[in-house]
Asks: 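Take a look at the following structure, please.
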Amino acid sequence: MSDNELMVDARGVRKWFGSNEVLKSISLTIPRGEVLSLLGPSGSGKSTFLRCINHLESIDGGRIYVDDELIGYKQRGDKIHEMKPREIAKQRRKIGMVFQRFNLFPHMTALGNIIDAPIGVNGESKSEATAHARELLERVGLADKADAYPAQLSGGQQQRVAIARALAMKPKLMLFDEPTSALDPELVGDVLDVMRDLAKSGMTMIVVTHEIGFSREVADRMVFMDGGVVVEAGAPRDVLDNPQHPRTQAFLESVL
Amino acid sequence: MTADVERSTDDDVVAIPLRHPWRWVAAAAVIVVLGLLFNSLWNNENIQKQYIWQFIFDPRILKGVWITLAVTIISMVIATILAIILAIMRMSSNPVLRGVSFLYIWFFRGTPLLVQIVFWGYLGLLYKQISLGVPLTDFHIFAVDTNTLIPAFVGGVIALSLNEAAYAAEIVRAGLLSIDHGQREAAYSLGMGPGYTLRRIVLPQSMKVIIPPMGNETISMLKNTSLLAVVAVPELYTASSQISSGNLRQVELLIVASLWYLFITSVLSVPQFYLERHYARGNSRELPPTPFQQLKRAVARMRGRADNRRIAAKAHEEVGA
């Protein structure tokens with residue numbers, strides 16, 4: 001599809017909240033098909049970085065390319081211009097995102113949540129979108145919950161519907177922002193199973209998570225962030241079992 | 001089933017329900033007071049009831065009812081559309097739009113409705129003609145007399161809807177603010193634009209916050225239409241006072257008008273109830289019951305209490321014997 005084997009190419013990304021620099025020149029590349037796990041204490045900037053990738057947060061420095069496209073801005077000569085909301089919306093269609101608090105639309109059924117964007121945004125026909133949505137519900141193990149409203153579903157079920165909703169847009173990249181942090185422990189497994197299957201299917205994924213076991217098993221690479229910088233990156237086994245940096249060591253000791 | 005899983009009835013709570021004598025006393029006292037009040041009105045020889053029955057379906061009154069209903073509905077529709085625009089302007093990142101919306105709300109909430117109604121009635125004094133042409137020149141495509149273009153009915157509707165929009169804008173804004181920011185983020189992450197997100201995601205959810213106060217506003221609007229009497233719109237109150245100025249039966253005709261206002265208020269609360277039910281979808285695990293379902297449940301509850309009391313009394317008698 002593309003001669004570039006990189007799905008995400010972040011170069012020197014900087015981000016300020018007021019006078020607080022939350023991302024201090026983050027450079028990261030993610031090849032197509034890779035599952036990257038982002039680890040770090042709260043306030044380390046990992047969620048902010050994730051939200052910059054689909055331009056939910058604008059960046060103050062550097063560049064982010066997804067699928068060879070500069071995100072949120074247009075380059076003309078040596079000047080860059082802000083994009084129109086419609087153009088940003090178009091870029092986001094190929095980037096799925098799953099939130100910590102699910103953010104399902106409570107006034108729509110599970111099926112309604114999944115088919116709304118494909119119909120309203122991508123212009124799919126209702127029957128086409130519904131058929132695809134039912135496949136996705138089947139895939140996340142909720143075929144019987146199509147007509148349930150989010151309030152009638154458990155947290156784990158809601159999160160699986162949210163994953164199906166993101167997948168319905170046929171994204172090339174999936175971002176997961178602490179997808180299991182708001183769940184009761186016994187519901188985490190079902191969500192991780194769905195994510196594991198998704199990883200096996202070859203989806204490029206960036207996962208912010210504290211699920212060390214999941215990262216060890218599923219992630220191709222692990223990045224440890226702290227204080228707005230990438231402290232350490234490598235194969236999960238290396239980072240987890242043999243951390244080189246004292247901050248990584250301290251963090252892992254506190255969570256394991 | 002084996003014997004040991006069978007439910008034992010020995011330790012069931014068969015208490016006699018507590019009686020509440022003071023509830024009965026309070027209810028009786030209130031009913032007596034109400035009865036006396038009703039009697040003083042019903043048997044008041046200064047109120048000639050036959051006039052009420054004579055005029056309640058009088059064609060002039062019925063026409064007034066229709067005009068009142070039309071003014072209420074048209075004004076509320078215009079006000080709601082304006083209110084959504086004003087609320088969005090108020091939350092916009094454009095400081096001019098924000099400022100204009102603020103000034104609009106400040107002005108129309110800050111001056112009395114009666115003054116605004118009279119003002120629109122006197123618009124002909126301010127602008128003799130309304131014309132479409134090139135500003136600051138004498139070139140006109142068309143020009144009409146202000147009083148022809150804006151008859152009293154239209155002036156009244158303009159006054160009521162512009163005033164109502166200022167209040168409704170704040171209600172809509174409160175509704176929009178009540179939606180968690182995560183909803184917008186989820187919509188944006190799916191590639192929805194700001195307009196689509198507002199229409200499909202944010203506004204439908206705000207409805208459950210917006211509708212109850214808007215129901216209030218509709219009822220206020222219904223009653224405020226009576227202020228149009230000052231610009232001679234022949235709505236319900238004007239019609240009744242015109243009749244009473246002829247036959248001097250003021251109180252009876254006020255009762256006629258009030259009965260109609262009460263009737264319309266009751267009728268308007270029905271669509272409100274079903275609108276609220278509609279937008280409560282997915283909000284709670286169960287939709288609120290319709291009045292008929294509520295009545296059925298209330299009857300069942302009372303029957304249950306009576307049954308309980310009988311069963312308990314019987315059980316205790318048996319124990320005593």
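Only heavy atoms go into these numbers, but all of them, side chains included; no hydrogens, no water, no symmetry mates. In what follows, every chain begins at residue 1, and chains take the letters A, B, ... in the order their sequences are listed.
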Asks: About how many Å separate OG of Ser189(B) and CE of Met169(A), when rounded to the nearest 0.5 Å?
Replies: 9.0 Å
Asks: Enter the distance from Ile201(B):CD1 to Asp116(A):CG here, rounded to the nearest 0.5 Å.
Replies: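 Here the interatomic distance stands at 5.0 Å.
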Asks: Taking every non-hydrogen pair under 4.5 Å, which of Met192(B), Met207(B), Glu185(B) racks up the most with chain A?
Replies: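 Going by pairs under 4.5 Å, I would pick Glu185(B).
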Asks: Of the backbone (N, CA, C, O) and the side chain (C-beta and beyond), which part of Arg51(A) lies under 4.5 Å from a heavy atom of chain B, both, or neither?
Replies: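 Side chain of Arg51(A) only, per the 4.5 Å heavy-atom cut-off to chain B.
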Asks: Sub-4.5 Å heavy-atom contacts with chain B: which residues of residues 124-137 of chain A show up?
Replies: none
Asks: So which residues of residues 84-104 of chain A are in contact with chain B at a heavy-atom cut-off of under 4.5 Å?
Replies: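 The residues closer than 4.5 Å to chain B, in numerical order, are Pro85(A), Ala89(A), Arg92(A), Arg93(A), Ile95(A), Met97(A), Phe99(A), Asn103(A), Leu104(A).
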Asks: Please round to the nearest 0.5 Å and tell me the distance separating atom OG1 of Thr197(B) and atom CZ of Phe105(A).
Replies: 7.5 Å
Asks: Around atom CZ of Phe263(B), are there more than 12 heavy atoms of other residues, nucleotides or ligands at under 6.0 Å?
Replies: no
Asks: For Asn122(A), which atoms come within 4.5 Å of any heavy atom of chain B: side chain, backbone, both, or neither?
Replies: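 No part of Asn122(A) comes within 4.5 Å of chain B.
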Asks: Looking at side-chain heavy atoms only, is the closest gap between Met108(A) and Pro204(B) below 4.5 Å?
Replies: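 Not touching, per the 4.5 Å side-chain cut-off.
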Asks: Report which part of Tyr196(B) has an atom under 4.5 Å of a heavy atom belonging to chain A: side chain, backbone, both, or neither.
Replies: side chain
Asks: Of the listed residues (Gly195(B), Pro194(B), Ala187(B)), which shares the most heavy-atom pairs with chain A below a 4.5 Å separation?
Replies: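 Result: the option with the highest number of such pairs is Ala187(B).
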Asks: Where is the tightest heavy-atom contact between His107(A) and Arg200(B), given as atom of each residue plus distance?
Replies: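 So the two residues come closest at NE2-O, 2.9 Å.
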Asks: Pick from Leu56(A), Leu175(A), Asn54(A): which one has the most heavy-atom pairs with chain B under 4.5 Å?
Replies: Leu56(A)
